[in-house]
Amino acid sequence: MHVLITGGAGFIGSHLVALHLAQGDKVHVVDDLSTGLRANLAPFEASPNFRFDEADMLTWPLLQQAAAWADRVYHLAAVVGVYRVIAEPTRVLATNIAACERLFRTIAASGWQPQVVVASSSEVYGHRHAELLTEDMDLSVSTRAGTRWNYSVSKIADEALALSYSQKFGIPVVVARFFNTIGPRQTGRYGMVVPRFVEQAVRGEPITVYGDGEQTRSFCDARDNVRALDLLASREGGDALVANVGNDREISMNALAELIRERADSDSPISHVPYLQAYGEDFEDIQRRRPDLIRLRTLTDFQHRYTLEDTLDELIRERRIALTGTEHGHRPLVCHQS
Ligand code: UDP
């Protein structure tokens, strides 16, 4: 199979590249490297089945050719991360909506119908307090916090584009609503709580829990997420589909901080930071976020392979090796002699 991945140098994209190359597919990545990193693709560069183009999706001259080559397109290219979304409110809208629109317009004009998987987000549910977020719920955008919801607006627009092009041009689409994704290669630079807490715990610095820490998230390993995407896209039957993708284990940020501290055997204090200090004015956090996975489980035989603890242990080990050159960091190894 020929696979085109826009935004493939990003954290989730690079795991998709790994999955498809391992399955023997040919993979073409386009990424403008605004948040993606060439280093994320280093393990694949030597593969004859891999190709990379550094380009902006809004102007990439090879888009038509690449889309006509592809049997499947994953559209991940987007401005992401809470810090970036707050700092660049106009770019979020322009890039996220226009890139998706250009992709679908190009595919529709080509007459070729690759399967298109569009990365959407649990942000489209807004700040609902429901115990489980299900695909058929009405989506909501708050009017309270200014441009904070621009990412959500852009993803709702991308979903509408995908469903409209599918209806009008028969392009098979899967809209995947990602919940919080974690795993190797994720950076904490643009928000992203888990790499931040891991870094703080490994360094012995205060773990910065924003707000009162009672807000919850549900974290899924990226390697599970990309398998779920592939299974959804590979299913029989061509109707346009919207599906949650993630893990339904819910955890508060206070409990997450404690868990990471414990798994890292760290003495880091836990420090509560007011939202105003963390994000500035004009910010409203989501209090609860847990996916209903019935649709994913009904349509596929997907099962998670990574627990939260598995992923955290791996991230802690990797971070410790990167910082200290050893798995055990600055702690001396204690040998018990019998
Ligand atoms: N968060 C935190 N400390 C940090 C970074 C984030 O407590 O250093 C909180 C953040 O306020 C939110 C949760 O962790 O409640 C998840 O944040 P992230 O940016 O990872 O994802 P999102 O808010 O998009 O779910």
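Every number for a ligand or one of its atoms is a count from 1 in the order of the listing.
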[X] versus ligand 1: do any nitrogen or oxygen atoms come within less than 3.5 Å of each other?
X	result
M253	no
Q215	yes
M192	yes

What I want to find out is whether [X] reaches [Y] closely enough, with some N-O distance under 4.0 Å, to be called a salt bridge.
X	Y	result
E250	R288	yes
R217	D285	yes
D230	R72	yes

Mind checking whether H304 and F302 have parallel, tilted or perpendicular rings, split at 30° and 60°?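 Answer is perpendicular, since the angle exceeds 60°.
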For the residue pair W149 and H127, does the interplanar ring angle fall in the parallel (under 30°), tilted (30 to 60°) or perpendicular (over 60°) class?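 Because their plane-to-plane angle is over 60°, the rings of W149 and H127 count as perpendicular.
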[atom]: which protein heavy atom is closest, and how many Å away?
atom	value
atom 21 (O) of ligand 1	N180 ND2, 3.3 Å
atom 10 (C) of ligand 1	Y279 OH, 3.2 Å
atom 15 (O) of ligand 1	D285 OD2, 2.6 Å

Interfacing atoms of ligand 1 (cut-off 4.0 Å, heavy-atom, [X]):
X	answer
V209	7 (O)
T208	2 (C), 3 (N), 4 (C), 7 (O), 8 (O)
R289	22 (P), 24 (O), 25 (O)

Under 3.5 Å, is there a donor-acceptor pair between the side chain of T134 and the main chain of D292?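 Checking the backbone N and O of D292 against the side chain of T134, no donor-acceptor pair under 3.5 Å is found.
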Regarding atom 5 (C) of ligand 1: of the candidates Y275, Y210, F219, which has the closest heavy atom?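 Closest candidate by heavy-atom distance is Y210.
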Check whether any heavy atom of Q200 sits under 4.0 Å from an atom of ligand 1.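 For ligand 1, residue contact (heavy atoms, under 4.0 Å) with Q200 is absent.
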Taking the six-membered ring for Trp, are the ring centroids of W112 and H2 within less than 6.0 Å of each other?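 Centroid distance W112-H2: not below 6.0 Å, so no.
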